[in-house]
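As the structure is a computational prediction, the values presented were derived from the model and not from experiment. Remember, it's 1-based here, ligands and their atoms both numbered in the order they're listed.
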Amino acid sequence: MGMVFAVANQKGGVGKTMITLNLAGAYSHDDPSARVLVVDADSQNTSMRSSGVGEEPYPFVVTNMAAAGKGLGREISRMAQDYDLVLVDCPPSVDNLNTENVLQVANFVLIPMDASPSDAWSTQGMIQLVRRVIGPDPKRCGIVFNKVNTKRASYRDVSEVISEDSPYPVLKSVISMREVYKTAIGFGATVFSVKGQSTKQARQEITNVAMEMLGIMGISE
Ligand SMILES: Nc1ncnc2c1ncn2[C@@H]1O[C@H](COP(=O)(O)OP(=O)(O)O)[C@@H](O)[C@H]1O
Ligand SMILES: [Mg+2]
């Protein structure tokens with residue numbers, strides 16, 4: 001039975017889809033024999049659509065299950081039997097039952113957020129949902145800052161506020177604002193496969209997040 005990692009936040013545009021696909025790229029790159037599945041649980045279908053546009057297919061499978069309804073969790077568990085790792089790109093709402101259904105079967109939840117005070121509010125709502133469905137186990141959820149400009153003070157302020165309130169850790173690894181994250185997905189690629197662009201730093205950032213998540217879960221490589 002493969003592990004299930006959910007990437008969730010009720011706010012749209014925080015990078016759920018970008019991070020899900022690039023984490024799938026990172027784990028596939030790290031171990032090319034790993035069977036990795038991306039489940040698109042968002043009816044906007046961004047993950048699913050991007051998987052059709054690349055020159056080369058992704059080194060992982062993408063499937064859309066946004067319409068699975070109440071059976072979504074069960075369906076993901078069933079699929080996880082055939083994969084080593086399942087990454088779920090969740091829809092942007094905590095009211096959407098899809099997110100709750102996914103959390104029920106997730107081994108780990110990654111909550112991406114950008115470092116603005118309004119994002120902190122929506123993230124607190126997401127943290128509460130994880131707490132209610134999964135419990136306060138600090139090995140089961142983590143918060144990652146995306147689109148970070150580390151030189152700006154607001155990032156540290158928001159990070160402190162979130163850390164105080166959350167039973168779950170804020171990852172030390174952060175993801176910067178980089179053009180390549182935007183463009184790669186449009187080409188149906190991840191930063192591990194996109195051609196003709198400088199990807200070294202982006203690859204390093206995503207790999208750091210992927211490995212730190214395993215560390216939080218207590219899985220040594
Ligand atoms: N670190 C980043 N740097 C640059 N652009 C980013 C970054 N993260 C996300 N984006 C862009 O921001 C937009 C929203 O990201 P997306 O992954 O679709 O968010 P969500 O799935 O949470 O709605 C997309 O255009 C995406 O390419
Ligand atoms: Mg999305």
Original post:
Which residue from Gln10, Lys147, Lys16, Met177 reaches closest to atom 13 (C) of ligand 1 through any of its heavy atoms?
Top reply: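 Going through Gln10, Lys147, Lys16, Met177 one by one, Lys147 has the nearest heavy atom to atom 13 (C) of ligand 1.
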**OP:** Going by heavy-atom distance to atom 4 (C) of ligand 1, choose the closest among Gln44, Glu205, Arg178.
**Re:**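 The residue whose heavy atom sits nearest atom 4 (C) of ligand 1 is Arg178.
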Looking only at distances, please establish whether an N/O atom of ligand 1 is found under 3.5 Å from an N/O atom of [X].
{"X": "Val14", "result": "yes"}
{"X": "Ile19", "result": "no"}
{"X": "Asp89", "result": "no"}
{"X": "Ser176", "result": "yes"}

Tell me: protein heavy atom nearest [atom], and distance?
{"atom": "atom 18 (O) of ligand 1", "result": "Thr17 CB, 4.0 Å"}
{"atom": "atom 11 (C) of ligand 1", "result": "Lys182 NZ, 3.9 Å"}
{"atom": "atom 23 (O) of ligand 1", "result": "Gly13 N, 2.7 Å"}

State whether a side-chain donor-acceptor pair under 3.5 Å links [X] with [Y].
{"X": "Ser176", "Y": "Gln201", "answer": "no"}
{"X": "Thr123", "Y": "Asn9", "answer": "yes"}
{"X": "Asn64", "Y": "Asn45", "answer": "yes"}

[X] to [Y] - nearest heavy-atom pair and separation:
{"X": "Lys139", "Y": "Phe108", "answer": "O-CD1, 3.5 Å"}
{"X": "Arg49", "Y": "Val53", "answer": "O-CG1, 3.8 Å"}
{"X": "Phe60", "Y": "Ser28", "answer": "CD2-OG, 3.7 Å"}

**OP:** Please confirm if an N, O or S atom belonging to Thr17, backbone or side chain, lies less than 2.8 Å from the Mg ion (ligand 2).
**Re:** yes
List ligand 1 atoms under 4.0 Å from [X], heavy atoms only on the residue side.
{"X": "Asn146", "result": "1 (N), 2 (C), 7 (C), 8 (N), 9 (C)"}
{"X": "Gly15", "result": "15 (O), 16 (P), 17 (O), 19 (O), 20 (P), 22 (O)"}
{"X": "Gly12", "result": "23 (O)"}
{"X": "Met18", "result": "1 (N), 7 (C), 8 (N), 17 (O)"}

Original post:
At under 4.0 Å between heavy atoms, which part of Thr46 makes contact with ligand 1: side chain, backbone, both or neither?
Top reply: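 For Thr46, no heavy atom sits under 4.0 Å from ligand 1.
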Does [Y] offer a backbone N or O that forms a donor-acceptor pair with the side chain of [X] under 3.5 Å?
{"X": "Asn107", "Y": "Val4", "result": "yes"}
{"X": "Glu212", "Y": "Ser173", "result": "yes"}
{"X": "Arg131", "Y": "Pro136", "result": "no"}

Original post:
For atom 9 (C) of ligand 1, is the nearest protein heavy atom closer than 4.0 Å?
Top reply: yes
Original post:
Looking at Arg78 and Glu75, does any basic side-chain N land under 4.0 Å from a carboxylate oxygen?
Top reply: yes
